[in-house]
Amino acid sequence: MAELLRSLRDSQLVARFQRRCGLFPAREASGEEHVVKNYFYYYLFRFSAALGQEVFYITFLPFTHWNIDPNLSRRLVVIWVLVMYIGQVAKDILKWPRPSFPPVVRLEKRIIAEYGMPSTHAMAATAISFTLLISTMDRYQYPFILGLTMAVVFSTLVCLSRLYTGMHTVLDILGGVLITAVLIALTYPAWTLIDSLDSASPLFPVCVIVVPFLLCYNYPVSDYYSPTRADTTTIVAAGAGVTLGFWINHFFQLVSKPTPSLPVIQSIPPLTTDMLVIGLTKFMVGIMLILLVRQLVQKLSLQVLFSWFKVVTRNKEARRRLEIEVPYKFVTYTSVGICATTFVPMLHRFLGLL
């Protein structure tokens, strides 16, 4: 068993996978970082890697909320936040290095400073795809085999992309998938309870804000700076904002037509041109408002924190300080979550898009 685990952690195994897919290290004299000999795999896995990154989730999850099913979107967000927080914390506790370079070719630069075990890309892709499958198979009428195939293909492509980009070993990916499977199995009996967390209790917002903030502020201390804590705060804060947004909608009765709680069996309506145009319009309007709120709140929160701690404005190093990074990230993305669930639907209703 120990020998098997060592082989799964071996960087040579990742390098061999890259070579078989046509990705090779460039010669030093060439001035290039890598050589691509199979562009089909290159574009396939670079696209698949994007499916496990923040840009996908900040578009897919709001689109699901505005155009498909708000209750389903909230469940996906809650499971995504739980899985990602545990995965990120596990990285900084285990402190397993990423595949070594050389022999591995690394195609991503930003997250090299992070540790490797477990792969949070694999965890997020597995959590989203299979939570979506489990949540919809009793809610919508569609072939289960089709849904299962799509979930497996999506998560597999994201997992393989982490090998191709040289960011994780096989053991990192298997560990991420296994941890996610265990978390889904353990939390599944409580999913119905999670769906009803937007109670009318006036103390609910306190718990939603205080507990996630403390989890982020007391994040495990790393030996050196990496974007892990900032990314974790972003994810947790967005989840807190979404949950708080649902509470605001129900407590102040801002939802004109409450959507039925899960599960409600219904047929998937056929996609028409009108539905497509309205859906894209709602998405573009919502994204523009979210980006505006994000920019304004981030700028304001940084100005307040810089003034409070007497830090020079635009000091990039100061942003990485615990007492600045966590509060400004948390306030910014909590606001984004509230905006996505409360203010964007209100704007949609005002514009007649609902």
Side-chain angles (χ1 to χ4, degrees), residues 1-2 4-9 13-14 17 45 48-49 51-54 56-57 60-61 64 72-96 98-99 111 114-140 142-165 167-195 215 228 231-232 235-236 239 262-263:
M1 178 60 72
L4 176 61
L5 293 178
R6 279 195 296 270
S7 65
L8 293 176
R9 284 192 64 185
L13 187 61
V14 180
F17 177 80
F45 290 127
S48 301
L51 295 179
Q53 294 173 353
E54 181 184 357
F56 171 75
Y57 296 110
F60 172 74
L61 293 173
T64 303
L72 176 60
S73 174
R74 176 181 54 177
R75 179 180 289 182
L76 290 173
V77 169
V78 171
I79 300 301
W80 173 61
V81 170
L82 173 65
V83 165
M84 289 296 290
Y85 183 82
I86 292 177
Q88 295 284 72
V89 169
K91 279 186 177 183
D92 283 335
I93 291 177
L94 295 175
K95 298 183 178 181
W96 285 15
R98 291 186 181 273
I111 59 176
E114 294 183 5
Y115 294 106
M117 176 66 175
S119 168
T120 47
H121 279 72
M123 293 181 71
T126 304
I128 290 292
S129 56
F130 283 93
T131 300
L132 184 63
L133 172 66
I134 296 170
S135 299
T136 58
M137 64 183 183
D138 293 331
R139 183 167 172 81
Y140 297 98
Y142 66 88
F144 172 74
I145 296 300
L146 175 62
L148 179 61
T149 301
M150 293 178 65
V152 171
V153 169
F154 175 83
S155 54
T156 300
L157 283 176
V158 174
C159 290
L160 291 178
S161 74
R162 307 317 292 159
L163 295 178
Y164 184 85
T165 55
M167 292 293 100
H168 289 285
T169 64
V170 176
L171 188 59
D172 295 342
I173 293 169
L174 292 178
V177 172
L178 180 60
I179 292 172
T180 304
V182 171
L183 288 174
I184 289 177
L186 292 177
T187 59
Y188 176 72
W191 283 8
T192 303
L193 175 62
I194 292 174
D195 293 333
L215 288 175
T228 313
D231 292 344
T232 304
I235 294 168
V236 173
L262 300 172

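All residue numbers in this chain count up from 1 along the given sequence.
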Got a sec, which residues hit side-chain hydrogen bond (donor to acceptor under 3.5 Å, both in side chains) with T136, two or more places apart in sequence or on another chain? Y142
Partner residues of [X] under the side-chain contact (heavy atoms from CB on, under 4.5 Å) criterion, sequence neighbours left out:
X    : value
F56  : L51, F60, F154
L146 : P143, M150
L148 : F130, L133, F144, V152
I235 : W80, V81, M84

Working to the nearest 0.5 Å, report the span between [atom1] of [X] and [atom2] of [Y].
X    : Y    : atom1 : atom2 : value
L82  : I86  : CG    : CD1   : 4.5 Å
I79  : I184 : CD1   : CD1   : 7.0 Å
M117 : I173 : CE    : CD1   : 10.5 Å

Which heavy-atom pair separates [X] from [Y] by the least distance, and what is that distance?
X    : Y    : answer
G176 : T180 : O-OG1, 2.8 Å
M123 : P118 : SD-CG, 3.6 Å
Y164 : F17  : N-CE2, 3.8 Å

Donor-acceptor pair between T169 and D172 side chains, under 3.5 angstrom: yes
With no hydrogens and no angle check, just 3.5 Å: does a side-chain donor-acceptor pair link S135 and R75? yes
Does the side chain of [X] reach to within under 4.5 Å of the side chain of [Y], using non-hydrogen atoms?
X    : Y   : result
I128 : L61 : yes
L132 : L72 : yes
L160 : S48 : no

Can you give each donor-acceptor pair under 3.5 Å made by side-chain atoms of residues 88-95, sequence neighbours left out, with the distance rounded to 0.1 Å?
| residue | atom | partner | partner atom | Å |
| --- | --- | --- | --- | --- |
| Q88 | NE2 | T232 | OG1 | 3.4 |
| K91 | NZ | E114 | OE1 | 3.3 |
| K91 | NZ | T120 | OG1 | 3.3 |
| D92 | OD2 | Y219 | OH | 3.0 |
| K95 | NZ | D223 | OD1 | 3.2 |

Do T156 side-chain atoms and V153 backbone N/O form a donor-acceptor pair below 3.5 Å? no
Give a yes or no answer on whether the side chain of R98 reaches the backbone of M167 with a donor-acceptor pair at less than 3.5 Å. yes
Using the salt bridge (charged side-chain N to carboxylate O under 4.0 Å, His left out) rule, collect all pairs that involve residues 76-90, keeping only residues at least two apart or in two chains. none
For Y85, which residues count as a ring-ring contact (aromatic ring centres under 6.0 Å, His included) partner, sequence neighbours excluded? none
State which residues pass ring-ring contact (aromatic ring centres under 6.0 Å, His included) with Y188; sequence neighbours excluded, sorted by chain then number. W191
